[in-house]
Amino acid sequence: RHARQNPDAPMLVGMVRHMSYAESAARIGAFAAYLRGECGVREGTTVIVSALNCMEMPLVIVAATAAGARMVLFSPEMTLTLFRQHMAAASPAAVILTSQEQCLAAREVAPDAHIFSIGCDVEPFDRVERIMDGRAAGFAGAEWESAPDAQIAVLSSGTTGKPKTI
């Protein structure tokens, strides 16, 4: 409601850049459509995000849930051994990461997953911001709704060293 009434009001405020509700909504719609159309994300499929804080991170999380995904958040500081175990347990359709090491490990463990970098360039993976930039104009003013049964899971090894969902 607030976004419709105040589309130019700032939704995200960063040190260098601000993003309005209208721009945020267009970028969310663009990435949600990309996840559904290009990555096959549907209700119940898994999307993993392991990213440092950046302006697009909350947009990615909302876009994935809007696409119907089950969100799984990983710590970007997770060891590669635990990362590989969690990746194997999650069977993701898409993975969004900031670390080159995690991107390469994701490709190794989940070769069919669509892998994206966010907040940095990790070759040869697509960068989330480029997808949003290139497609957002087509979603300007568009309305979207989140999936009715959106799920977000956090994976942890806790004290056991074995992946579990909390």
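R42 contributes a side-chain N or O that, together with a main-chain N or O of R36, makes up a donor-acceptor pair within less than 3.5 Å.
Distance check, rounded to the nearest 0.5 Å: CD1 of I48 to CE of M71 gives 9.0 Å. Distance check, rounded to the nearest 0.5 Å: CG of D126 to SG of C39 gives 8.5 Å. A distance of 8.5 Å separates CG in D112 from NE2 in H114, rounded to the nearest 0.5 Å. From T45, atom OG1 reaches atom CG of L35 across 8.5 Å, with rounding to the nearest 0.5 Å.
The minimum heavy-atom distance linking A63 with I28 is given by the pair CB-O, 3.5 Å.
Paired with L80 under the rule side-chain contact (heavy atoms from CB on, under 4.5 Å), one option of Q85, M87, Q102 passes, and it is Q102.
At a threshold of 4.5 Å between non-hydrogen side-chain atoms, the residues F125 and I118 do not count as touching. Side chains of M19 and L59 form a contact here, defined as non-hydrogen atoms less than 4.5 Å apart. Here the side chains of S99 and M78 are not in contact, with every heavy-atom distance at 4.5 Å or above. No side-chain heavy atom of V72 sits less than 4.5 Å from a side-chain heavy atom of P92. The shortest distance between side-chain heavy atoms of I115 and V122 does not fall below 4.5 Å. In this structure, the side chains of E56 and M132 come closer than 4.5 Å at one or more pairs of heavy atoms.
Between F31 and F116, the angle of the ring planes goes over 60°, which puts this pair in the perpendicular group of the 30/60° scheme.
Summarising the local packing, CD of E77 is surrounded by 12 or fewer heavy atoms from other residues, nucleotides or ligands at distances under 6.0 Å.
In this view, R127 and D121, E129 satisfy the salt bridge (charged side-chain N to carboxylate O under 4.0 Å, His left out) rule, not counting sequence neighbours. The side chain to side chain contact (heavy atoms under 4.5 Å, CB included) search around S91 returns none, not counting sequence neighbours.
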